[in-house]
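These notes concern the structure reproduced below.
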Amino acid sequence: MAKYVFLDTETTGLDPHKGNHRIIDLACVEYEDSTPTGHVFNLKINPEGKKSVKSAFRVHGILDEELEGKPTFSDIHQQFIEFIKDRHLVIFNAAFDLRFLNAELNRVNYPSTVSDICAEVTCAMELAKSKFGVRKISQDAACLRYNIDISSRTKHSALLDASLCAELFFKLLDDSVEPLESTPQQNKHTPTKAISIPRAFKNKETGLYTQLNFCKNPECKNFGVVAKNPTYKANGELKRGLGNEYKLTWSDDKSEHLLTCKLCGHSTTMIHNRCFELEVKRLSTIYEPVEPTCQNKAIPGQPKTFRPYYIPTSPENRRGIKKFKPRCKNRDKGIYTHPELYKLDGKAQPDRIIERVVKKPTRKGGKPVTQIIKEEKLGSQLLTCHACNSKLTVKLNPANRHYRDADNVKIFKELMNKDILNRMMEKHELGAKVIYDKINFFYEQALAFDHYHSQMIDHAVATRTLSLSSDRQFYLSNWGDHNMPKPTPIVNTSTVDNHSGFVFVSDVNFDFTSDYQEINKEHREKKSRKSSLITDATRNTY
Ligand SMILES: [Zn+2]
Ligand SMILES: [Zn+2]
C-alpha cells in the first residue's frame with residue numbers, strides 16, 4: 001500500500017524570481033494506490049497585489065478581483081506543509097511547481113524546501129517522456145495517449161489538473177496498459193484568431209522603429225497614425241475590430257487583407273515592415289560605388305575563395321609547400337574610405353604617353369590632314385594591405401586594359417541616343433556580352449562620378465560659403481510628328497556649384513500635360529487667321 005499526493009498550481013506568470021510571480025491556485029489530492037482517499041487540499045491564494053500576465057490569464061482564466069480576500073500563502077503554509085509532510089509527491093513538470101513553492105516558502109522564511117518536507121518527489125512528465133521516448137510532452141498530450149478524457153476542461157484549474165495527473169500517473173506505472181504511439185489529433189475548440197497588424201521593425205543601428213501600416217491619405221486625421229492590434233475583453237475573449245479607428249477588409253480578388261481607415265475610407269495593403277526595410281537597404285546598395293578592398297576574402301567552407309601562397313623548399317622547387325592566406329579583417333574596408341589601412345607601393349604598370357595619329361576630314365578632293373595627338377595613359381597603382389601584407393592593384397585609368405576601349409565613347413553616345421543593340425553589335429563587330437559589359441562599366445563610372453561630386457559638395461557645404469551659378473538655356477524641340485510644323489521652345493534652368501561642378505538642380509520647364517494634337521489644331525486655326533506663330537498653349541508653359 002502506497003500513499004501518493006498529487007499536486008498542481010496555477011500562477012500569475014512563468015518566473016517566481018525574475019518576474020516575482022506568485023501562486024494563485026494550489027491543489028493537493030491524496031490517493032491510496034489508485035483510489036482517491038477523499039482527502040483534498042485545494043485553495044485559491046491571494047497574490048498580494050501581483051496581477052496575472054495576459055498569457056497566464058488565458059491559461060487559468062482566474063480574474064485578479066476573484067482573489068481579493070482570499071488567504072495569502074503565509075496564512076496557509078502550515079496546513080500545506082502538514083498535508084504533504086513525509087508523503088510521496090507526484091507533480092507534472094515538477095521543476096516548474098517546485099520553483100514556485102520553494103519561492104513562496106522562502107518568502108515566509110520557512111527554513112527547508114518542498115523536497116526536504118516530502119519523503120519523495122516524482123515528476124510525471126519525466127516519467128512520461130522516458131516511457132514514450134520523446135523529448136517534450138504536455139500533460140494534455142500524455143493524457144490523450146492513454147485515452148484520458150480531457151474534453152471537459154477548457155481552462156486549467158489546479159484541482160482538475162492534479163486529478164488528471166493522478167489518472168495519468170497510474171496508467172504510466174501500469175505496464176499492462178499500452179499507450180498510443182503518437183498523440184491523436186483532437187478537434188479542440190479554437191477561439192477566433194485575430195489577424196494582427198505586422199510588427200514594427202527595429203533598426204539595430206539607429207534604434208528607430210519602422211511601422212508603415214497607417215492611413216496613406218495625407219488629408220485624413222489618421223494619416224501617420226499607426227493601426228493598433230485588437231484588444232482583449234476582461235474574460236480573455238477578443239474584442240471585435242482593431243484597437244483604433246481602422247478596420248480590416250478584403251481586397252477585390254479576396255487574396256489579401258487591406259487596412260481601411262474608418263475616418264476617410266482609404267484602403268492600403270498591409271506592409272511587412274522588415275521586408276520593406278530590407279528592400280530599401282538592398283536598393284540603396286545598388287547605388288553605392290564598389291571600392292577596391294583587400295582581396296583575402298576567404299569564406300569558410302568555400303575553398304575557392306582562399307588565396308594560396310607557396311613556400312619554396314629548394315631553389316628548383318619554388319612551389320614547395322602550398323598554404324592558404326587567412327581571412328583578412330580589411331576585406332570589407334575600401335581603399336578610399338579607409339586609406340590608413342593601405343600603403344601605396346609603387347606602380348604595377350607605369351604611366352605611358354602614347355601618340356595617336358588622327359586623320360581629320362577635309363573638303364572633297366583635298367588631302368586629309370593627319371595630326372599626331374599625345375595622350376597620357378595612367379598605369380596601375382600597387383597597394384599593400386597593412387593587416388595581411390598582401391598586395392592589390394588598382395587601375396588609375398578605369399578603361400585601362402578594357403576590351404576595345406577606343407570604342408567606348410562611340411558606344412556610350414549611341415546608348416544615350418537609344419540606339420538598337422543589334423545594330424551596335426553589327427557596326428562595331430562586337431558580341432552582345434561585350435556591349436552589356438560596357439553598359440555595366442558605364443554605370444559604374446557614372447556612380448563613381450556622382451559619388452565623387454557628392455563628396456565634393458558635402459565638403460564644400462561644410463567648410464565654406466557656396467558660389468553658385470544659375471543659367472537658363474532655350475531649346476527648340478520638335479514633336480514626333482512631321483505634320484506638326486512648329487518647334488516647341490523648352491527652357492532648361494540649372495544651378496551648379498562653381499567649385500565642384502555639382503549640379504543642384506536642372507529643370508526642364510515644360511508642361512508634360514500639354515497635348516500636341518490640340519496645340520496643332522490651335523496652331524492651324526491661328527495660321528489661318530495669320531496671327532502670331534507662338535500659340536497660347538505653349539506660352540502658358542513659361
Ligand atoms: Zn484616413
Ligand atoms: Zn588584408
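Just follow the structure's listing: the first ligand is 1, and inside any ligand the first atom is 1. Here the structure is a predicted model, which is why all the values come from computation and not from measurement.
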(message) What I'd like to find out is whether the side chain of N498 reaches to under 4.5 Å of the side chain of L466, using heavy atoms alone.
(response)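 They are not in contact (no side-chain heavy atoms under 4.5 Å apart), so the answer is no.
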
(message) Does E277 form a salt bridge (Lys or Arg N to Asp or Glu O under 4.0 Å) with R274? I'd like the steps, not just the answer.
(response) CA-CA 5 Å; E277 281 294 313; R274 185 165 170 270; over 6 Å; no

(message) At less than 2.8 Å, how many protein N/O/S atoms surround the Zn ion (ligand 1)? Leave waters out.
(response)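 For the Zn ion (ligand 1), the figure is 4.
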
(request) Sort by chain and number the protein N/O/S atoms that are closer than 2.8 Å to the Zn ion (ligand 2), and list them. (result)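 Metal shell, protein only: C294 SG, C328 SG, C385 SG, C388 SG.
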
(request) Could you tell me whether the side chains of S380 and T393 share a donor-acceptor contact shorter than 3.5 Å? (result)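 No, no side-chain donor-acceptor contact under 3.5 Å.
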
(message) Looking only at side-chain N and O atoms, does T337 offer a donor or acceptor that is under 3.5 Å from a partner on E291?
(response)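 A pair is found: one side chain offers a donor N or O, the other an acceptor, under 3.5 Å apart.
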
(message) Both conditions, 6.0 Å and 45 degrees, for the charged tip of K216 above the ring of F214: are they met here?
(response)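 So K216 does make the cation-pi contact.
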
(request) Any chance you could lay out the salt bridge (Lys or Arg N to Asp or Glu O under 4.0 Å) test for E66 and K44, step after step, and finish with the verdict? (result) CA-CA 9 Å; E66 274 178 56; K44 295 258 193 305; 5.5 Å; no

(message) So, using salt bridge (charged side-chain N to carboxylate O under 4.0 Å, His left out) as the criterion, who are the partners of D419 when residues are at least two apart?
(response)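 Result, salt bridge (charged side-chain N to carboxylate O under 4.0 Å, His left out) vs D419: K427.
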
Listing, residues 294-302 side-chain donor-acceptor contacts under 3.5 Å, not counting sequence neighbours, or none:
unit_1 : atom_1 : unit_2 : atom_2 : d
Q295   : NE2    : T293   : O      : 3.0
N296   : ND2    : S390   : OG     : 3.4
K297   : NZ     : T293   : OG1    : 3.0

(request) Would you mind telling me which of E414, K410, M416 makes a side chain to side chain contact (heavy atoms under 4.5 Å, CB included) with F412? (result)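 Only match with F412 under side chain to side chain contact (heavy atoms under 4.5 Å, CB included): M416.
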
